[in-house]
Amino acid sequence: MYTLGFKNTSTQTVEADGPINLGVVYRRNSYKDNCGRCAFQLNSQVLSLLQAGMYELIISFVVSAPAAGDVTIQLFENGEAVTGALATETITTATTEFHTMTIPYVFLVDKNCVLGRVSTGELQITAVNVGDAPITITNIAGTLKKVVY
């Protein structure tokens, strides 16, 4: 099984509708396909799924907010919100109350046929603060597994 572990232990403030820095890779088990591409890669804010198959993604965020209210984080696929791939928590005490939010989701990367050649439709996954106010994230931990080849 191909796996990717990533984390961000730096505190970050994310504005409303702002992208979240997912951090860096700390563990990887992946092999290149016939075209020389790994199954996935992480470039701080973008998690790229590069090979055809089914991927299971689980991300946990530790969040707080400078004001009381709802905090919502949603995953996006190639710039489009993924229905059902979100988490919401209610903060009642500003700045001192922390909640852990977890988003599990399964993504499918299809093979395409372009001019008689098989190619893979790459997916770009991002996490976004879709709430109305800034949030503070103090820790992110995620795992990505390619479960079907």
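A quick note: this is a predicted structure, and the numbers were derived from the prediction, not measured.
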### Query
Can you list the steps and then say if Thr11 with Thr138 is a side-chain hydrogen bond (donor to acceptor under 3.5 Å, both in side chains)?
CA-CA 4 Å; Thr11 298; Thr138 57; 5.6 Å; no
All N/O donor-acceptor pairs, side-chain side in residues 67-77, below 3.5 Å, sequence neighbours left out:
unit_1	atom_1	unit_2	atom_2	d
Asp70	OD1	Thr90	OG1	2.6
Thr72	OG1	Thr88	OG1	3.0
Gln74	NE2	Val82	O	3.0

### Query
What residues form a side chain to side chain contact (heavy atoms under 4.5 Å, CB included) with Thr93, not counting sequence neighbours?
Thr96, Glu97
Would you mind reporting whether [Y] and [X] have side-chain heavy atoms less than 4.5 Å apart?
X     : Y      : value
Ile91 : His99  : yes
Leu47 : Phe6   : yes
Thr95 : Ser64  : no
Thr3  : Thr143 : no

Expected output: side-chain [X] to main-chain [Y] donor-acceptor under 3.5 Å:
X     : Y      : value
Tyr55 : Ala39  : yes
Asn8  : Leu22  : no
Asn78 : Leu123 : no

For [X] and [Y], work out which heavy atoms get closest and say how close.
X      : Y      : result
Gln124 : Ser48  : OE1-OG, 3.0 Å
Ala16  : Ala133 : CB-N, 3.8 Å
Arg28  : Gln41  : NH1-CA, 4.2 Å
Val130 : Asp17  : CA-OD1, 4.0 Å
Pro134 : Pro66  : O-CD, 3.3 Å
Ser60  : Thr102 : OG-OG1, 3.0 Å

In one Ile/Leu/Val/Met/Phe/Trp/Tyr side-chain cluster, 4.5 Å: [X], [Y]:
X      : Y      : result
Leu108 : Val147 : yes
Ile125 : Met101 : yes
Ile58  : Tyr105 : no
Leu49  : Leu57  : yes
Ile20  : Leu86  : no

### Task
Output, in order, the C-alpha distance, side-chain angles, deciding distance and verdict of side-chain contact (heavy atoms from CB on, under 4.5 Å) for Ile140 and Asn21.
CA-CA 9 Å; Ile140 297 173; Asn21 183 335; over 6 Å; no
Which value, rounded to the nearest 0.5 Å, describes the distance between [X] atom [atom1] and [Y] atom [atom2]?
X      : Y      : atom1 : atom2 : result
Glu56  : Lys146 : CD    : NZ    : 14.5 Å
Glu80  : Thr126 : CD    : OG1   : 10.5 Å
Asn139 : Phe61  : CG    : CZ    : 10.5 Å

